[in-house]
Number of protein chains: 2
Amino acid sequence: MLLIQEHGFHGTPMSQIAKSSDVAIGTIYHYFPSKEVLILQLYDYCKQQMHSYIFDEMDKSLDYKEQFFLVFKCFCSFYRDHTDKFSFMEQFYSSPFFEIAQSKTSDGPYEENKLIDFLLRGIEVNALKKRDVCILSSAFIGVAVSFSKSVLYGKIKFEEKQLDDLIDIIWNGVKTT
Amino acid sequence: MLLIQEHGFHGTPMSQIAKSSDVAIGTIYHYFPSKEVLILQLYDYCKQQMHSYIFDEMDKSLDYKEQFFLVFKCFCSFYRDHTDKFSFMEQFYSSPFFEIAQSKTSDGPYEENKLIDFLLRGIEVNALKKRDVCILSSAFIGVAVSFSKSVLYGKIKFEEKQLDDLIDIIWNGVKTT
DNA sequence: TGCAACCGAATGAACGTTCAATTGACAGAT
DNA sequence: ATCTGTCAATTGAACGTTCATTCGGTTGCA
């Protein structure tokens, strides 16, 4: 039911969603009161999926720098391996839906809470510069998203070398000297 | 005619565009063959506006680092001062329209050509690390956009200090050691 | 027998687009 | 000055389509 969102919210009619889910339109309305709620829930689902993808396999025995590298790579891998969800979420963030979602939860975009915890921990252990976490997460997420978009549009190939170069950049930016 | 795009492409009917422009619907169709073309042209317009806003006031007498700071600040200022265009463009990038626009020009998003020239120059004068420019511009734009979004959603205040912190991060990431 | 899940044709509103009619500005002729 | 023909600019009611949503009916399990 997730895969047809490549035509935009409004370019994807309920009839098509129904067809690709192999259910009738009526059935969808049995579970979701409206298209809006469906999209909102889809967003929650994606967020939670990404969340666990990235933070479930965090290995706390590594030192902070290695964890940082791992988390960053997980972000980018998730986006690469789930382009449907990535596109959907990016679309969602820049649409008026996002404000609706924001007003219903206190979360930021990109399920940042755990990321913010992670960055805060970096400051605590003196691995990251003492900066407003919003600034740090802006830098972190911004770079990951921008890279993933470039990969998605075929401007960059997702290669270990490119990714390493990028992590090197962001790490040098945020690490303590 | 630019200001009503805060409800999304599809949330903004031609009738509303007409009303807010104080013209009749028919008049719009006298100038634009379709809504799609209208949006595509609006995108070109925004891109060009941003482009000249940022690069027109570049001062080549400054050393590279100072130019870098200036350009970055211009990006962020443009986004702050033209939230309507910023929202529109972000929406555009993550919508299916973008692919259409891509197929008609060879430009990347964010009018990157001049930015890429600028970054290439940084490598030449040995101010920036020798890296794929796509990687460098990913980092540059990603951070600027992500910061601007945070400002737009009220998570960060646009203050000199925050901006300086952020530039410090990105600069430390990309500069030669 | 009851009830939840499921179906999809029917409904009505909203939208992009069309087009016949109107206006207004301008040039040349009188 | 006045008239006249031309043509681009403008108008908005009307059209046809598409879409989200509804609802009366069906299925299948407990």
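Here is the naming used below: chain letters follow the sequence lines, and residue numbers restart at 1 for every chain. Remember, predicted model here, so these are calculated numbers, not experimental data.
The existence of a salt bridge linking Glu90(B) and Lys85(B) is excluded, since no basic side-chain nitrogen approaches an acidic carboxylate oxygen closer than 4.0 Å. For the pair Lys157(B) and Asp132(A), the salt-bridge criterion is not met [side-chain N within less than 4.0 Å of a carboxylate O]. The pair Asp56(A)-Lys114(A) does not count as a salt bridge, with every side-chain nitrogen at least 4.0 angstrom from each carboxylate oxygen. Lys73(B) has a carboxylate O that lies under 4.0 Å from a charged side-chain N of Glu160(B), or vice versa, which qualifies the two as a salt bridge.
Within 4.0 Å (heavy atoms only), Phe32(B) reaches no atom of the nucleic acid at all.
The distance from atom OH of Tyr31(A) to atom P of dA4(C) is 12 Å, rounded to the nearest whole Å. Atom C1' of nucleotide dA9(D) and atom CG of Asp22(B) are separated by 16 Å, given to the nearest angstrom. Straight-line distance from the CD1 atom of Ile28(B) to the P atom of dA8(D): 21 Å, rounded to whole Å.
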Distances for protein N/O vs nucleotides 15-17 of chain C N/O pairs under 3.5 angstrom?
unit_1: dG16(C); atom_1: OP1; unit_2: Lys35(B); atom_2: NZ; d: 2.3
unit_1: dG16(C); atom_1: OP2; unit_2: Met14(B); atom_2: N; d: 2.7
unit_1: dT17(C); atom_1: OP2; unit_2: Tyr29(B); atom_2: OH; d: 2.6
unit_1: dT17(C); atom_1: OP2; unit_2: Lys35(B); atom_2: N; d: 2.8
unit_1: dT17(C); atom_1: O5'; unit_2: Tyr29(B); atom_2: OH; d: 3.4

Can you give me the N/O atom pairs linking the protein to nucleotides 24-26 of chain D at distances under 3.5 Å, or say none if there are none?
none

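Remark: Lys161(A) engages Asp165(A) in a salt bridge (Lys or Arg N to Asp or Glu O under 4.0 Å) (not counting sequence neighbours).
Aromatic rings from Phe140(A) and Phe72(A) are positioned such that their centres are separated by under 6.0 Å.
Heavy-atom contacts from other residues, nucleotides or ligands closer than 6.0 Å to CD of Glu99(B) number 12 or fewer.
An OP1 or OP2 oxygen of dC6(C) is reached within less than 4.0 angstrom by no side-chain nitrogen or oxygen of His30(A). OP1 or OP2 of dA9(D) has not a single side-chain nitrogen or oxygen of Thr27(B) nearer than 4.0 Å.
Candidate nucleotides dT11(D), dA9(D), dC6(C) were compared by shortest atom distance to the side chain of Val23(B), and dT11(D) ranks first.
Cys76(B) SG to Phe158(B) CZ: the interatomic distance, rounded to the nearest 0.5 Å, is 6.0 Å.
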